[in-house]
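The next block holds one structure in the form of structure tokens; read it before the comments.
Sequential numbering from 1 along the given sequence is applied to the chain's residues.
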Amino acid sequence: MDEVDEKVIGDIQRIIADHHRAVNDDRSLQFWKSLGEKHASLIKEAGFRNFKRTINFEYSQWGVTALRDPKTVNLLKKHLAERRWPTGMMRARFDGDDLDDIRWPDDIDARTGTSTRAATIGGRSRIRGYTAYCGLLWQYASSHDALGCLSKVEEPALGNPLPVRYAGRLISQDLALSSLELNYIAANVPMRRIRRVLEIGAGYGRLAFLFSSMFPDIEYSILDIPPALAISQHYLTSIFGAAATSDGLDDDGGSAARRRIRFMLPHRLAEIPDGHFDLVINISAFDEMSMTDVDGYLQALDRVGSGWGYFQGHATSRKPGLRYGVDGFPYGKDWRQIDSRPHAVVPWFVEKIFQLKAGRRD
């Protein structure tokens with residue numbers, strides 16, 4: 001391991017310990033430790049420098065490896081329904097030969113994070129399916145990019161993204177998905193009124209990266225559990241610089257840039273002032289939590305949110321009686337749904353935007 005790997009693994013362990021001291025829940029501690037060990041195993045094996053080829057499949061990077069994948073089929077239907085020839089699957093190219101450091105979801109032991117088989121098995125066939133999907137997704141996202149995200153922002157090299165190129169340019173499904181999300185938010189939310197954003201469950205920070213790149217004057221807070229919080233903190237700090245990121249919400253006398261991106265463990269939510277955030281975001285995290293946890297988070301968002309909310313995930317519960325689907329979340333009684341639509345890529349996902357209250361008046 002190099003120094004970066006050691007630091008990230010050390011941060012994962014430190015944040016797990018901090019979270020445990022704050023909540024004192026031994027049952028949850030085992031989950032955090034297990035997930036942390038899984039991430040640490042992948043970092044030790046492939047390095048943080050390759051996390052977009054390993055750990056990222058634990059977040060929102062879909063391991064699409066065949067043309068018959070429902071997400072690829074859905075994108076084909078979307079293009080044709082909008083009378084657009086799906087040339088993206090032919091224009092995308094995979095620019096690389098080294099497949100040994102890729103760990104597809106079924107190459108990784110779900111419990112330990114160790115490789116279960118050689119990643120090169122069926123590697124070329126998988127790459128063709130993945131590349132076609134990324135090309136279709138990039139073409140679709142580009143055609144729905146009123147903000148110009150994909151022309152203004154480049155995919156960071158940090159994390160060694162899979163080298164898919166479109167018209168000679170490095171692309172990624174993460175940047176394309178984030179562009180679709182940000183454009184949808186901006187089409188339904190008056191961005192001029194947004195000063196502070198909270199995202200609960202940000203993965204490695206893909207949307208936070210694009211949001212902060214497009215709207216650098218907006219303060220963006222990430223609330224997450226370990227080990228994801230350690231990954232996003234290291235990633236975004238490496239990209240934007242230590243002067244642009246900080247822990248918690250306390251002003252430290254620094255410049256406005258220092259308060260640009262913040263990272264918090266869940267117990268810090270209780271310290272946030274009422275009505276602090278103009279926009280709250282949750283992407284496929286609440287639909288993975290227990291119903292009790294979601295109840296608590298939505299009640300907290302009703303207190304700390306004063307503007308709008310964006311929610312994405314499974315439309316219906318995958319475990320009825322144990323988890324909610326987005327359509328069944330117990331939203332605030334005063335919240336007003338502004339828009340709802342099926343996800344453009346994932347057939348079983350839905351996106352919703354709410355106005356939480358009247359919006360900030362100060």
Give a yes or no on whether a salt bridge exists between Glu288 and Arg323, defined as a side-chain N under 4.0 angstrom from a carboxylate O. yes
With the side chain counted from C-beta on, respond yes when Val350 and Phe311 share a heavy-atom pair under 4.5 Å apart, and no when they do not. no
Parallel, tilted or perpendicular: ring planes of Phe48 versus Phe51, cut at 30 and 60 degrees: parallel
Note, Ser246 side chain near Phe263 side chain (heavy atom, < 4.5 Å): no
If you measure from the Lys or Arg side-chain nitrogens to the Asp or Glu carboxylate oxygens, is any gap between Arg169 and Glu155 under 4.0 Å? no
Donor-acceptor side-chain pairing of Tyr184 and Glu351 below 3.5 angstrom: no
Do the side chains of Arg196 and Asp278 get close enough for a salt bridge, i.e. N-O under 4.0 angstrom? no
Hey, are Asp293 and Ser290 close enough side-chain-wise for a donor-acceptor pair under 3.5 Å? yes
Can you list every side-chain hydrogen bond (donor to acceptor under 3.5 Å, both in side chains) pair that touches residues 200-216, not counting sequence neighbours? Ser60-Arg206, Asp174-Tyr204, Ser178-Arg206, Glu181-Arg206
If I take atom CG from residue Leu279 and atom CD from residue Glu199, how far apart are they, to the nearest 0.5 angstrom? 9.5 Å
Test side chain to side chain contact (heavy atoms under 4.5 Å, CB included) on Val164 and Arg93 and set out the steps. CA-CA 6 Å; Val164 179; Arg93 295 287 184 272; over 6 Å; no
Going by an N to O cut-off under 4.0 Å, is there a salt bridge joining Arg318 and Asp287? no
If we ignore angles and hydrogens, is there a donor and acceptor under 3.5 Å between the side chains of Tyr59 and Lys52? no
Classify the ring geometry of Tyr166 against Trp138: parallel below 30°, tilted from 30° to 60°, perpendicular beyond 60°. tilted
Ring centres under 6.0 angstrom apart (Tyr130, Trp104): yes
Can you see whether Asn160 engages Arg53 through a side-chain donor-acceptor pair at a distance of less than 3.5 angstrom? yes
Evaluate the side-chain proximity of Arg260 to Asp217: yes if any heavy-atom separation is below 4.5 Å, no if none is. no
Around Arg68, counting heavy atoms of other residues, nucleotides and ligands shown, do more than 12 lie under 6.0 Å from its CZ? no
Plane angle bin for Phe329 and Phe286 - parallel if under 30°, tilted between 30 and 60°, otherwise perpendicular: perpendicular
Minimum heavy-atom separation for Ile185 and Ile353, please, with both atom names. CA-CD1, 3.9 Å
Please test Gln312 against Tyr310 for side chain to side chain donor-acceptor pair (under 3.5 Å), starting from the C-alpha separation and ending with a verdict. CA-CA 7 Å; Gln312 179 196 131; Tyr310 169 75; 2.7 Å; yes
When every non-hydrogen atom of Ser151 is compared with those of Gly148, the smallest separation belongs to OG-O, 3.0 Å
So, taking the atom named CG in Asp302 and the one named OH in Tyr331, what distance separates them when rounded to the nearest 0.5 Å? 13.5 Å
Using a strict 4.0 Å threshold on nitrogen-to-oxygen distance, state whether Asp69 and Lys71 make a salt bridge. yes
Show the numbers, then the answer: is there a ring-ring contact (aromatic ring centres under 6.0 Å, His included) between Tyr220 and Phe215? CA-CA 10 Å; Tyr220 202 103; Phe215 299 99; over 10 Å; no
Side-chain heavy atoms of Asn74 within contact of His343, under 4.5 Å: no
A cation-pi test, strictly: NZ or CZ of Arg128 under 6.0 Å from the centre of the six-membered ring of Phe94 and no more than 45 degrees from its axis. Yes or no? no
Do Gln299 and Tyr297 pair up side chain to side chain, a donor and an acceptor below 3.5 Å, judged on atom types alone? no
